[in-house]
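Working notes for the structure below.
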Amino acid sequence: MTFWAVLNICNFLIFAEDPVSHSYRECIIDVIGDIYTFIFVRWPRGSFSLIKFSCWMFAVLLGMCIGKWIVHGWLFCKKLKLKMFTEDGQGSWMVMFLTSLLSLFIFSFAYNGFLMLEGNAFL
C-alpha cells in the first residue's frame, strides 16, 4: 500500500468518525432561510394563517409567470437572444424556479409587514 492510499484511508476515517461533523449547529442562510421560515415555520393562528398561505401561493404563481413570460420569453429569448433559452421552452423551468424563489423572498418581507401592522411581529 502506498503512502497516498494510507493517507486517503486515514482522512476518510477521520471525517467519517469525527463527532463535530455529526453535531447540530444552527446556521443562518440569508435568502433560503427566509423562504423556508416563510413557508414551513411559525404558522400563526386565526386569519393570519390564511394571509400567510395566500401570500406564499401568490408569490409562487407570480414568480412562475414573471419567470416564464418576462425573464425567459422577453429578456432571454427576444432581447438577449440567448441560444440556450429557445422559444419552445428550453430552460424555462429553471428560470421559473429561480424567479419563484426571488418572489417568495420578497413576499416574506411583505408578510412581515402585515405582522408589524397588526403588532404581532414575533409570530
Side-chain angles (χ1 to χ4, degrees):
M1 219 181 226
T2 65
F3 171 74
W4 296 109
V6 172
L7 185 66
N8 283 334
I9 291 171
C10 288
N11 279 338
F12 175 74
L13 289 175
I14 288 171
F15 288 119
E17 296 302 323
D18 187 16
V20 174
S21 65
H22 298 294
S23 65
Y24 175 77
R25 173 84 175 135
E26 190 171 324
C27 68
I28 298 171
I29 303 173
D30 290 331
V31 175
I32 302 298
D34 289 332
I35 294 169
Y36 177 79
T37 303
F38 180 51
I39 294 176
F40 296 112
V41 181
R42 297 184 187 143
W43 279 85
R45 293 188 176 101
S47 63
F48 278 101
S49 63
L50 181 63
I51 292 172
K52 185 174 187 173
F53 178 75
S54 50
C55 271
W56 72 259
M57 284 300 290
F58 183 69
V60 168
L61 292 173
L62 182 70
M64 290 174 73
C65 292
I66 288 174
K68 176 70 174 167
W69 291 316
I70 295 174
V71 176
H72 181 267
W74 179 75
L75 181 66
F76 290 162
C77 291
K78 291 189 174 86
K79 272 304 216 197
L80 298 176
K81 294 183 171 73
L82 297 174
K83 291 182 181 179
M84 60 197 244
F85 300 103
T86 60
E87 288 292 332
D88 62 349
Q90 213 169 6
S92 65
W93 282 102
M94 188 63 186
V95 172
M96 287 167 41
F97 174 71
L98 292 175
T99 53
S100 293
L101 288 180
L102 181 66
S103 177
L104 280 167
F105 180 65
I106 292 168
F107 270 82
S108 71
F109 286 109
Y111 175 71
N112 287 337
F114 285 134
L115 290 179
M116 285 184 192
L117 286 176
E118 184 63 28
N120 300 328
F122 299 107
L123 282 180

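- In this structure, H72 NE2 and L82 CG are separated by 9.5 Å, a value rounded to the nearest 0.5 Å.
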Could you go through residues 46-53 and list every donor-acceptor pair under 3.5 Å that involves a side-chain atom there, pairing it with any protein atom two or more places apart or in another chain?
unit_1: S49; atom_1: OG; unit_2: G46; atom_2: O; d: 2.8
unit_1: K52; atom_1: NZ; unit_2: F38; atom_2: O; d: 3.4
unit_1: K52; atom_1: NZ; unit_2: V41; atom_2: O; d: 2.7
unit_1: K52; atom_1: NZ; unit_2: R42; atom_2: O; d: 3.1

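- Counting all heavy atoms, side chain and backbone alike, G91 lies closest to F85 at O-CE2, 3.8 Å.
- Here D30 contributes atom CG and I35 contributes atom CD1; the two are 11.0 Å apart, rounded to the nearest 0.5 Å.
- Between W56 and S108, the closest side-chain pair of non-hydrogen atoms is not below 4.5 Å.
- Here I66 contributes atom CD1 and L61 contributes atom CG; the two are 11.0 Å apart, rounded to the nearest 0.5 Å.
- If you take CZ on F58 and SG on C65, they are separated by 9.0 Å, rounding to the nearest 0.5 Å.
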Just distance, no hydrogens or angles: give the donor-acceptor pairs under 3.5 Å from side chains in residues 99-106, sequence neighbours left out.
unit_1: T99; atom_1: OG1; unit_2: G63; atom_2: O; d: 2.6
unit_1: T99; atom_1: OG1; unit_2: V95; atom_2: O; d: 2.9
unit_1: T99; atom_1: OG1; unit_2: M96; atom_2: O; d: 3.1
unit_1: S100; atom_1: OG; unit_2: V60; atom_2: O; d: 3.4
unit_1: S100; atom_1: OG; unit_2: M64; atom_2: N; d: 3.4
unit_1: S100; atom_1: OG; unit_2: M96; atom_2: O; d: 2.8
unit_1: S103; atom_1: OG; unit_2: A59; atom_2: O; d: 2.8

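- Here CD1 of I39 is found 10.0 Å from CE of M57. Values are rounded to the nearest 0.5 Å.
- The distance from atom OG of S54 to atom OH of Y111, rounded to the nearest 0.5 Å, is 9.5 Å.
- The hydrophobic cluster containing W69 does not contain L62, counting ILVMFWY residues as joined when their side-chain heavy atoms lie under 4.5 angstrom apart, directly or transitively.
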